[in-house]
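One structure is given below, encoded as structure tokens.
Residue numbers begin at 1 in each chain, while the letters A, B, ... track the order of the sequences. Values below: every heavy atom of this structure, side chains too, minus hydrogens, waters and symmetry copies.
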Number of protein chains: 2
Amino acid sequence: MVAKRLLTLLAAGMLINVTPRTLPTPSSDSPAVMRLFDAAADAFAAKGFHATTTRDIASRAGLSPAGVYVHFASKEDLLFQLSRDGHVGARDAMAAAAGDADSPTEALRQMIGRFARWHAEELTLARIVQYEFRHLTDEHRHEVLDLRREIDAVVRSVVEAGMTSGEFDVRDSHATTLALLSLVVDVARWYHPGVRRTPDEIEETYGALALRLVAAR
Amino acid sequence: MVAKRLLTLLAAGMLINVTPRTLPTPSSDSPAVMRLFDAAADAFAAKGFHATTTRDIASRAGLSPAGVYVHFASKEDLLFQLSRDGHVGARDAMAAAAGDADSPTEALRQMIGRFARWHAEELTLARIVQYEFRHLTDEHRHEVLDLRREIDAVVRSVVEAGMTSGEFDVRDSHATTLALLSLVVDVARWYHPGVRRTPDEIEETYGALALRLVAAR
DNA sequence: GTCTATATAGCGATAGAC
DNA sequence: GTCTATCGCTATATAGAC
């Protein structure tokens with residue numbers, strides 16, 4: 001009961017509302033802006049932030065080099081918006097998954113499975129989220145760090161709910177949360193569409209692996 | 001018995017000899033070369049390959065910008081030698097750990113524990129190994145990929161030995177090997193000396209987590 | 001809002017003296 | 001083997017025409 005209430009709280013309230021979505025929604029952006037987001041995401045994911053030039057981004061988006069600066073203040077601004085939106089999407093996908101569950105065991109299975117799936121389905125965004133993070137300015141990095149702490153907190157809350165209910169055999173919730181996130185984050189490293197596994201299989205596999213890590217009964 | 005022979009084979013022969021160490025040993029390098037290796041490793045680990053300038057490296061090593069090119073053909077050559085030596089060190093640390101074990105269970109615990117510890121103790125090298133990989137030239141990347149495949153193969157061999165002996169409950173040895181390596185690789189992302197855990201604790205924690213992932217009896 | 005043209009700076013790497 | 005000086009190039013970002 002306590003666990004269930006906690007989970008409901010997390011899924012329905014805390015996570016959804018901690019960072020209100022005051023961002024411009026993608027649908028309100030102009031075609032050029034959307035092309036620039038796509039172009040920058042592909043380039044950053046493929047080559048990394050510093051190996052990507054503004055000319056790369058502009059030409060992929062069908063614009064001149066100067067065209068980028070009509071819509072974005074800098075190359076780093078493009079990275080920041082991609083990174084922030086990616087973190088918000090990842091967090092919301094996980095929170096939604098937890099909301100469907102009626103026990104810590106099911107919440108963890110669905111959250112980790114769904115989060116792993118997100119890394120496969122949103123591969124370019126996931127790579128930016130996990131690998132390009134450090135190239136943000138100090139101010140932007142701190143803003144995104146808050147989102148990362150939210151993601152960490154919801155996983156740890158479910159782990160601790162399972163410890164309290166007796167469903168999980170875990171001594172250190174921080175260490176176990178870190179391990180759970182390690183499994184998921186690394187999907188962005190090895191996954192490639194069509195190789196090894198489908199997003200469906202990844203979701204199932206990682207949900208099961210998560211329950212092994214917490215020694216769920 | 002079969003499992004034990006396989007493990008001995010892996011530890012004593014295959015891994016150690018697959019790639020003979022024809023590299024110049026660090027001890028035979030000049031002081032300037034060692035300073036350049038250290039300087040480049042620190043800079044690459046802290047900022048990434050493309051955000052590091054040859055002037056950064058040279059000044060950290062106490063040389064002029066031109067001084068780098070007396071000892072290395074290019075900035076990428078420095079990265080390659082660091083990446084290759086790092087992979088060899090990681091592989092050998094793991095193979096040595098497997099050699100001490102008398103069962104797949106103990107081999108896996110010691111290998112994963114030792115490998116995780118290596119990521120903490122050799123943090124700068126580990127970050128280069130895991131994150132700067134993609135900035136190698138095609139030829140160099142393929143050479144390092146062979147080392148990565150060796151590391152993957154030895155972990156998978158131990159997983160499969162445990163499946164054969166009945167000690168592990170695993171359906172897909174590839175997926176489980178990937179998950180085991182995900183745990184370890186991610187240590188290079190979150191570890192920072194003095195924070196959260198000591199290398200000793202990491203070795204113990206990750207050895208135990210590995211056994212959970214394979215559902216060792 | 002997009003372009004051409006360019007400012008300003010820094011890059012990796014080399015030449016040649018010592 | 002290390003230096004000073006610099007080449008040739010590319011980078012991010014801006015100015016101003018349309």
Side-chain angles (χ1 to χ4, degrees), chain A residues 24 26-83 128 132-141, chain B residues 24 26-83 128 132-141:
Chain A
S27 55
S28 71
D29 289 330
S30 72
V33 167
M34 287 191 292
R35 287 204 311 274
L36 282 166
F37 273 132
D38 284 347
D42 288 348
F44 292 158
K47 306 194 293 184
F49 178 71
H50 276 105
T52 298
T53 68
T54 53
R55 283 169 170 77
D56 283 341
I57 296 168
S59 69
R60 282 180 195 241
L63 291 174
S64 71
V68 175
Y69 296 92
V70 175
H71 304 285
F72 296 93
S74 66
K75 188 173 79 159
E76 193 273 343
D77 182 34
L78 246 171
L79 176 65
F80 168 58
Q81 294 197 39
L82 284 168
S83 182
I128 290 164
E132 305 308 319
F133 184 52
R134 63 169 157 179
H135 298 118
L136 295 169
T137 62
D138 282 357
E139 187 185 347
H140 287 162
R141 193 169 51 253
Chain B
S27 57
S28 73
D29 288 330
S30 72
V33 168
M34 287 190 294
R35 287 202 312 274
L36 282 166
F37 272 132
D38 285 348
D42 288 348
F44 291 158
K47 305 194 292 182
F49 178 71
H50 276 103
T52 298
T53 69
T54 54
R55 284 166 174 79
D56 283 341
I57 297 167
S59 69
R60 281 180 195 240
L63 291 173
S64 69
V68 175
Y69 296 91
V70 176
H71 304 286
F72 296 93
S74 66
K75 189 173 79 157
E76 192 274 343
D77 182 34
L78 247 172
L79 175 66
F80 168 59
Q81 294 197 40
L82 284 168
S83 182
I128 290 164
E132 304 308 318
F133 186 51
R134 63 170 156 179
H135 298 119
L136 296 169
T137 62
D138 282 357
E139 188 186 347
H140 287 161
R141 193 170 52 251

Holding to salt bridge (Lys or Arg N to Asp or Glu O under 4.0 Å), I want the full list of residues that pass it with A/Arg141, two or more places apart in sequence or in another chain. A/Asp138
Output all residues satisfying side chain to side chain contact (heavy atoms under 4.5 Å, CB included) with B/Ser64, sequence neighbours left out; order by chain, then residue number. B/Ala66
For B/His50, the side chain to side chain donor-acceptor pair (under 3.5 Å) test, sequence neighbours excluded, returns none
Between atom CE in A/Met34 and atom P in C/dG1, what is the gap in whole Å? 14 Å
List in numerical order all residues of residues 37-52 of chain B for which some heavy atom is under 4.0 Å away from an atom belonging to DNA chain C. B/Thr52
For residues 37-44 of chain A, which side-chain donor-acceptor pairs fall under 3.5 Å, sequence neighbours excluded?
none

Can you check nucleotides 4-10 of chain C for protein contacts, nitrogen or oxygen pairs under 3.5 Å, and list what you find?
none

The reported gap from NE2 in A/His135 to CZ in A/Phe49 (rounded to nearest 0.5 angstrom) is 8.0 Å
Integer-rounded Å distance: C/dG1 P and A/Leu36 CG: 12 Å
Do B/Tyr69 and B/Thr54 come within less than 4.5 Å of each other through their side chains, counting heavy atoms only? yes
Can you tell me how far apart CD (B/Gln81) and CG (B/Leu36) are? Round to the nearest 0.5 Å. 11.0 Å
Going by ring-ring contact (aromatic ring centres under 6.0 Å, His included), name the residues that satisfy it together with A/His71, two or more places apart in sequence or in a different chain. none
Among residues 69-78 of chain A, which residues get a heavy atom nearer than 4.0 Å to DNA chain D? A/Tyr69, A/Ser74, A/Lys75
Mind jotting down which residue pairs meet the salt bridge (Lys or Arg N to Asp or Glu O under 4.0 Å) criterion with at least one end in residues 74-83 of chain B? Sequence neighbours excluded, please. none
Quick one: does any side-chain atom of B/Ser59 pair with a main-chain N or O of B/Arg55 as donor and acceptor, under 3.5 Å? yes
